Structures are given as structure tokens and as C-alpha cells.
Amino acid sequence: MRNTTQSDQLFARAKELLPGGVNSPVRAFKSVGGDPFFAKRAYGAMIEDVDGNAYIDYVGSWGPMIAGHAHPQVLQAVSETIADGLSFGTPNPLEVTMAEEITRLVPSCEVVRMVNSGTEATLSAIRLARGATGRSKIVKFSGCYHGHGDSFLVKAGSGVLTLGLPNSPGVPAALSELTLTLDYNDFDQAQELFDEYGDDIAAVIIEPVVGNANCILPKPGYHQHLRDLCTKHDALLIFDEVMTGFRVSLGGAQELFGITPDLSTFGKIIGGGMPVGAYGGRRDLMKQIAPAGPIYQAGTLSGNPVAMAAGLATLKLIQRPGFHSELLDKTNYLCDGLEQAAKDANIAFHTTRVPAMFGLYFREGPVESFADALQSDAARYGRFFHVMLDQGVFLAPSAFEAAFMSIEHSKDLLDQTIAAARAAFASLQSA
Ligand SMILES: *Cc1c(COP(=O)(O)O)cnc(C)c1O
């Protein structure tokens with residue numbers, strides 16, 4: 001067994017002072033059982049805890065660390081920047097460079113606004129959508145996560161055409177009623193909803209690959225279907241690329257699937273590990289944001305130079321030719337190896353993949369909807385998670401989160417992961 005003395009002591013202190021001992025819920029290991037480890041350092045594909053245990057990391061700080069932890073070029077960019085001060089409250093040159101990079105890599109974004117988190121990006125994007133269309137309703141998909149804004153903490157009512165219900169105490173029903181929820185990949189349901197409410201819908205917001213309900217890919221033509229419905233009804237299509245942006249392809253999921261959204265949201269990779277978000281899109285929409293236009297949105301630390309420096313250094317690294325195809329090869333290699341190991345152990349298991357992002361399911365495939373994803377055996381995943389952790393592999397501490405590949409995951413580390421999984425599958429068999 002791992003020594004967890006220091007982590008356990010820290011968690012005991014943390015539980016007295018922080019809700020559940022953490023600053024973000026999934027870190028608490030509640031859905032896999034047990035207690036979290038406390039990180040001391042991370043490098044490349046590895047993360048090390050305060051007790052000296054090292055793990056091959058497939059969480060990657062939940063998305064930003066696509067170039068690996070503590071990359072020397074990212075650290076150097078940050079240290080050069082901090083020498084000149086941490087925050088100015090006036091425009092700084094790196095914000096302009098960042099805007100140039102994002103708009104160049106993602107052509108649907110003609111204008112962008114930097115914010116401080118993915119949550120802020122999605123909140124701001126729907127405010128813009130509502131302000132620009134003069135409509136109030138938004139459409140989201142069950143299983144998709146867009147941060148913790150009130151309008152997104154909503155679940156479907158009893159039928160698709162009924163009003164949304166709050167998913168958390170503290171969300172007013174009057175607000176949740178404005179959010180309509182669809183099943184991902186259900187073509188007819190989206191059609192039906194637009195037939196009924198099309199002219200009241202400000203925007204449809206979607207994770208173009210769902211990474212917050214394990215990993216669910218869109219069916220061929222699904223995003224085009226949503227694009228067509230939005231265009232027909234003058235509603236905006238918002239791709240929430242906080243996770244997929246710069247990951248599944250250099251130009252994000254919109255490049256991978258060949259779809260042009262009206263607005264996009266980003267975070268994670270563009271901060272390189274620093275707190276960042278961004279939203280952007282069509283010039284005629286974005287110019288309605290203050291001070292260019294009347295829709296208000298602001299931020300004391302937005303466009304922070306240190307965050308811009310870390311993000312720009314990361315964006316530079318991922319533009320090396322072949323970067324994303326290498327990530328896809330690594331993802332396929334690992335997922336094929338895990339599926340073979342499960343098959344050899346007679347365990348019902350399935351993987352889904354896109355470049356640098358994958359899902360692990362304790363059920364047979366295919367998985368095409370949130371309902372399918374929910375049928376994964378979460379208790380079994382929890383046991384698997386802990387056997388992997390004890391062997392030095394850190395997977396997401398939840399059966400319903402995507403796993404992430406970084407460029408620093410070497411073949412040797414992937415082979416070690418597959419070997420650990422063989423042992424873990426065998427232990428499930430005997431359990
Ligand atoms: C992580 C995430 C968010 C929220 O970003 P935060 O920086 O945690 O606020 C929003 N949307 C998607 C798709 C995400 O994966």
C-alpha cells in the first residue's frame with residue numbers, strides 16, 4: 001500500500017476549513033471513495049504527492065497540461081513575465097498577442113474577450129447571446145457541463161418540452177425555467193424543441209465532444225443539424241470548447257468537425273495552467289460587448305500578463321507540426337491496450353477517443369448518449385481507480401470525467417499503464 005500519512009493529515013486539516021476539504025468538488029474523491037492525495041510537484045506526465053508517491057497523470061489539471069507539467073518553456077515565459085510585475089490594470093502587450101493567436105487558430109473567432117475561468121466565459125457568452133438576440137431561453141444538453149453558472153445548473157423537466165428545474169439549491173426556478181435541456185445526439189428531439197420554441201431561443205450551448213460525462217462523441221451530422229436549426233431560427237450556436245479547444249485539434253472541435261459556431265468559449269489550455277478563460281466569435285456579436293457596445297462584462301484581472309505568458313508558451317508548443325496526430329496515436333495506443341487487457345480478463349469494458357481525450361466505460365459499447373454513459377458500472381470504476389492509483393496511475397476520480405493525454409506520455413509510460421490495468425482488471429475478476 002502507498003504511504004499517505006502527509007496527505008491524510010492535510011486532508012484532516014482541510015476538512016475543518018474548506019467545504020469537503022477542497023476548493024472544487026470532484027477533487028474530493030467522493031465518487032470513487034477514499035481520500036485525495038495532496039500534490040507537491042508535477043513534471044512531464046507525472047504528478048508527485050506530499051508523501052513522495054509518483055503517478056502517471058491522466059487528469060492533467062483537468063485539461064490545461066497538454067504539453068506536460070512544468071514544461072521548461074512555459075516556466076521560462078512565466079518567470080520572465082513576473083519579473084516585470086504581476087498585474088497592471090491597464091492593457092498589456094501579451095493580451096494583444098493572445099487575441100491574435102486565438103483568432104488565427106480559430107477562424108470563427110473574429111474578436112475575443114479574455115476572462116479568468118471557463119465558468120466566466122460561458123456566463124458571458126450567454127449574456128451576449130441574450131443581449132444580441134433579445135431572447136431569453138437557452139438550450140443545453142444533459143451531461144454537458146459549462147461551469148457553475150446559475151443558468152447551467154439545470155436539469156430537464158419531465159419531458160423535453162417542459163421547463164428546466166434547478167439542479168442545485170440556490171438556483172432560482174424563475175431562471176432555470178429559461179434553460180431547456182436536450183438529450184445529446186437525439187436529432188428528432190432537437191427538431192421538436194425548435195419547432196415549439198425556436199423563435200424564443202437565444203442560443204444552443206454544447207460541448208462539441210462531451211468531456212464532463214465521461215467522453216461522448218457526436219454522431220456524424222449532429223452538429224450540422226444543430227447548426228442548421230440555429231441558422232433557420234436565428235438562434236446562436238455556442239461551442240463550449242473550454243475542454244476541447246486546442247486539444248482535439250489545433251483549431252478545436254469546430255475544426256475537427258467542420259462546423260462554424262457563432263460564439264465559442266475557451267479556458268484550460270489557453271492558460272497553460274494559470275486561471276484563464278475566453279469567449280469569442282462573430283465580430284458583429286462581439287462588438288456589442290462593453291465598452292464597444294452596451295452588453296456589460298468586465299474583470300479586474302482579465303488578460304493577466306502572467307496567465308497570458310503561460311498560455312502563449314503552451315500555444316506555441318502545440319503548434320509543432322504533428323503534435324496532435326502524435327497525441328491521437330498515443331490515445332489510440334493506450335485505449336487499444338486497455339481494451340485488449342479487459343478482453344483478456346473477460347471484463348465488460350469500452351473506450352471512446354478523440355485526440356488527447358478519452359473515456360473509460362465499464363460496460364460494452366457503443367456509448368452515444370448520456371443515458372448510455374450512466375450505465376457504466378461506477379462502483380467497478382471506483383475499485384479500478386484505486387488499484388490503478390496504488391500502482392502509480394492517476395485516473396480521473398470519477399467514472400464520469402474524460403481522461404487526458406499529454407505529449408509527455410511516452411510509450412514506456414503507456415505500457416506501464418496497460419500493465420497496471422492488466423493487474424487491476426484481474427483484481428476486479430477475483431473481487
Ligand atoms: C472545465 C469546463 C468549464 C468550466 O471551466 P472553469 O475554469 O472550471 O470554470 C466549462 N465548460 C467546459 C466544457 C469545461 O470542461
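Numbering of ligands and ligand atoms starts at 1, following listing order. Values in this document were obtained by computation on a predicted structure and should not be read as measured data.
The side-chain contact (heavy atoms from CB on, under 4.5 Å) test with Leu237 singles out one residue from Val139, Ile205, Val204, and that residue is Val204.
Between Phe384 and Phe349, the ring planes lie tilted relative to each other; the angle falls in the 30° to 60° range.
Residue pairs that meet the side-chain hydrogen bond (donor to acceptor under 3.5 Å, both in side chains) test with at least one member in residues 284-299, sequence neighbours left out, are Arg113-Gln297, Tyr279-Gln297, Arg282-Asp284.
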Side-chain donor-acceptor pairs of residues 263-273 under 3.5 Å, sequence neighbours excluded:
residue	atom	partner	partner atom	Å
Ser264	OG	Gln254	NE2	2.9
Thr265	OG1	Asp240	OD1	2.9

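Remark: Asn167 engages no residue in a side chain to side chain donor-acceptor pair (under 3.5 Å) (not counting sequence neighbours).
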Filter the ligand 1-protein atom pairs down to N or O on both sides and distance under 3.5 Å, then list them.
residue	atom	partner	partner atom	Å
ligand 1	5 (O)	Gly118	N	3.4
ligand 1	7 (O)	Gly118	N	2.8
ligand 1	9 (O)	Gly118	N	3.4
ligand 1	9 (O)	Thr119	N	2.8
ligand 1	9 (O)	Thr119	OG1	2.6
ligand 1	11 (N)	Tyr145	O	3.3
ligand 1	11 (N)	Asp240	OD1	3.4
ligand 1	11 (N)	Asp240	OD2	2.7
ligand 1	15 (O)	Asn212	ND2	3.1
ligand 1	15 (O)	Lys268	NZ	2.6

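Taking the six-membered ring for Trp and the full ring otherwise, Phe385 and Phe29 have centroids separated by under 6.0 Å.
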